[in-house]
Amino acid sequence: MTAAQPIAGIGFLTAVGDGDLAAMAESLEVMTELGADAAELSLWGEEVIAGGRVLPERARRLVELTRRFPLRYSVHGQVSSNFMDAAHLDLQKAVVRAMLELCDQLGASVLVHHGGTAPMPDEQEERARLDAMERAALAELAEVARGYGVRLVLENIFAESAQEYRQTPAEVAATVRTVGHPHLAGLIDFSHAYIESTRRGLDWREQIRAMAPVTGHLHVHDSFGRPYSMTRFYHPAEATALGIGDLHLPLGWGDIPWEDIFGELAFLPDTLLILEIDPAQYRSELAESLARARRLAALRNGRPA
């Protein structure tokens, strides 16, 4: 694939580690054996940043590891990153700055940043204030990203209850457009969009249609779009059996109509497709999901944008 195509690479998110890089190394070995083009590094679990600054020795070991593999890299930032967190906003921004520095050291072209969250405000004016705070921080960090040649991508997330404020995918797209920075783009997580749209009674296909034109990164994994109507499971396989929640299943295990979606939507050039499927848990399913993802990319890239 070439960078001029809408989908320029396909890969997996690395397994979440505990700081020793062993899980990441095993993931990268598996991805390379399978013939993936790219890998998204789950850096939130590796303790490469302390107090908003990069730890040089640990970063050096990370760079040495990634250079062993012929993969294009993106970085998944903190899962708890939140530019609607007024009390810790300076710390939140410091960590994103450090993640961008790591992207530069790794040669990673994308940094994933989760959309913000806060307790659901009573007034529309307060929601507007939260949105404005997030947009100002995104504009500031997108300019930092420009200096490193990195695309900062804003991911749509689902809320777990009516007491939590999250932007819908269409609202995430509006945030990206309002900021209007060339180094800020959207990230569609299709399953997140499905779950949040079900929870709020929205048409989820309309939501991702609204987001697609500003999208430069994709998270692909299957589910049934069912919100967390129950959360107590004795084993994760029970959630899979019930089809409840953010399951991160291999493609085809849920009911997302992937071919319909990729036959319809167009994305920004140089978009990466990342399969967020646990490479340890679903080792035997990775090759099939990768093959299907390649067919989806070919379907998308074969259509005029």
Side-chain angles (χ1 to χ4, degrees), residues 1 8-50 54-81 95 98-99 101-112 114 150 153 155 187 189 191 217-223 235-237 239-240 245-254 272-294 297:
M1 297 182 188
I10 303 171
F12 296 91
L13 178 68
T14 60
V16 181
D18 57 8
D20 66 0
L21 300 181
M24 182 176 292
E26 183 176 353
S27 294
L28 295 175
E29 288 169 1
V30 169
M31 293 177 202
T32 301
E33 290 170 4
L34 289 171
D37 308 307
E40 189 151 295
L41 305 176
S42 52
L43 292 195
W44 75 86
E46 298 295 350
E47 292 195 323
V48 193
I49 297 170
V54 174
L55 297 171
E57 179 57 26
R58 295 180 77 89
R60 182 190 63 78
R61 296 203 300 271
L62 174 64
V63 170
E64 287 181 354
L65 170 63
T66 57
R67 286 180 178 170
R68 287 164 39 194
F69 302 95
L71 297 166
R72 177 175 173 179
Y73 293 111
S74 57
V75 167
H76 197 307
Q78 301 276 96
V79 175
S80 58
S81 281
V95 172
M99 285 286 181
E101 181 182 338
L102 282 170
C103 286
D104 184 54
Q105 293 183 33
L106 294 161
S109 59
V110 174
L111 175 63
V112 172
H114 278 192
V150 172
V153 292
E155 179 176 357
L187 186 171
D189 186 303
S191 183
H217 202 68
L218 306 173
H219 279 174
V220 173
H221 48 97
D222 226 331
S223 77
H235 190 280
T240 299
D246 189 25
L247 299 169
H248 288 258
L249 297 175
L251 302 193
W253 283 34
L272 294 182
L273 187 162
I274 300 298
L275 292 154
E276 279 200 321
I277 301 167
D278 190 312
Q281 181 179 1
Y282 295 116
R283 176 67 180 88
S284 60
E285 282 74 36
L286 297 183
E288 184 177 347
S289 284
L290 179 61
R292 188 167 180 184
R294 289 203 183 284

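In this text, all values refer to a predicted model and were calculated from it rather than measured experimentally. Side chains are part of it too, since the values below use all heavy atoms of this structure and drop only hydrogens, waters and symmetry mates. The residues of the chain are indexed from 1 along the displayed sequence.
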>> side chain to side chain contact (heavy atoms under 4.5 Å, CB included), that's the test. Do Leu290 and Leu286 meet it? Break it down for me.
In response: CA-CA 6 Å; Leu290 179 61; Leu286 297 183; over 6 Å; no

> What is the minimum heavy-atom distance between Ser74 and Leu272, and which atoms define it?
Replying inline: CB-CD1, 4.2 Å

> How many angstroms lie between atom CD1 of Ile277 and atom CD1 of Ile274, to the nearest 0.5 angstrom?
Replying inline: 11.0 Å

> Given side chains that start at C-beta, do those of Asp278 and His248 come closer than 4.5 Å, heavy atoms only?
Replying inline: no

>> Counting C-beta onward and ignoring hydrogens, is there a side-chain heavy-atom pair between Asp189 and His221 closer than 4.5 Å?
In response: yes

>> Show the nearest heavy-atom pair for residues Leu251 and Ala293, with the distance to one decimal.
In response: CD1-N, 4.4 Å

>> For Val79, is there any backbone N or O sitting under 3.5 Å from a side-chain donor or acceptor partner on His114?
In response: yes

>> Could you measure the distance from the CH2 atom of Trp253 to the OG1 atom of Thr240? Nearest 0.5 Å is fine.
In response: 7.0 Å

> Could you give the distance from CD (Glu26) to CE (Met24), rounded to the nearest 0.5 Å?
Replying inline: 12.5 Å

> For the residue pair Ala25 and Leu65, what are the closest heavy atoms and their distance?
Replying inline: CB-CD1, 3.7 Å

> What are the two closest non-hydrogen atoms of Ile10 and Arg294, and how far apart are they?
Replying inline: CD1-CA, 3.7 Å

> Between Val150 and Ala108, which heavy-atom pair has the shortest distance, and what is it?
Replying inline: CG2-O, 3.6 Å

>> Using a 3.5 Å distance criterion without hydrogens, assess whether the side chain of Glu46 forms a donor-acceptor pair with backbone atoms of Gly19.
In response: yes

> If you round to the nearest 0.5 Å, how far is CD of Gln105 from CZ of Arg60?
Replying inline: 11.5 Å

>> Checking Val30 against Phe12 for the side chain to side chain contact (heavy atoms under 4.5 Å, CB included) test, could you report, in this order, the C-alpha distance in whole Å, the side-chain angles of both residues, the deciding distance, and whether it holds?
In response: CA-CA 10 Å; Val30 169; Phe12 296 91; over 6 Å; no

>> As an exercise, state the distance from OG of Ser80 to CH2 of Trp44, rounded to the nearest 0.5 Å.
In response: 10.5 Å

> Between Pro250 and Tyr282, is any pair of side-chain heavy atoms under 4.5 Å apart?
Replying inline: yes

> side-chain contact (heavy atoms from CB on, under 4.5 Å) with His76: which of Val112, Leu187, Thr14?
Replying inline: Val112

> Cut-off 3.5 Å, side chains only: do Glu40 and His217 have a donor facing an acceptor?
Replying inline: yes

> Looking at OG of Ser42 and CG of Leu13, how far apart are the two atoms once the value is rounded to the nearest 0.5 Å?
Replying inline: 5.0 Å

>> Counting only heavy atoms from other residues, nucleotides and ligands, does the tally under 6.0 Å from CD of Glu288 exceed 12?
In response: no

>> Applying side chain to side chain contact (heavy atoms under 4.5 Å, CB included) to Leu28 and Leu41, what does each step give before you reach the verdict?
In response: CA-CA 9 Å; Leu28 295 175; Leu41 305 176; 4.2 Å; yes

>> Counting neighbours of CD on Glu47 that are heavy atoms of other residues, nucleotides or ligands and sit closer than 6.0 Å, is the number greater than 12?
In response: no

> Is a donor on one side and an acceptor on the other found under 3.5 Å between the side chain of Tyr73 and the backbone of Thr66?
Replying inline: yes

> Can you tell me if Asp222 uses its side chain to pair, donor with acceptor, with the backbone of Gly252 under 3.5 Å?
Replying inline: yes

>> How close do Val54 and Ala59 get, counting heavy atoms only, and between which atoms?
In response: CG1-CB, 3.6 Å

>> I'd like to know if the side chain of Ser223 reaches the main chain of Gly254, judged simply by a donor and an acceptor atom lying under 3.5 Å from each other, with no hydrogens or angles considered.
In response: no

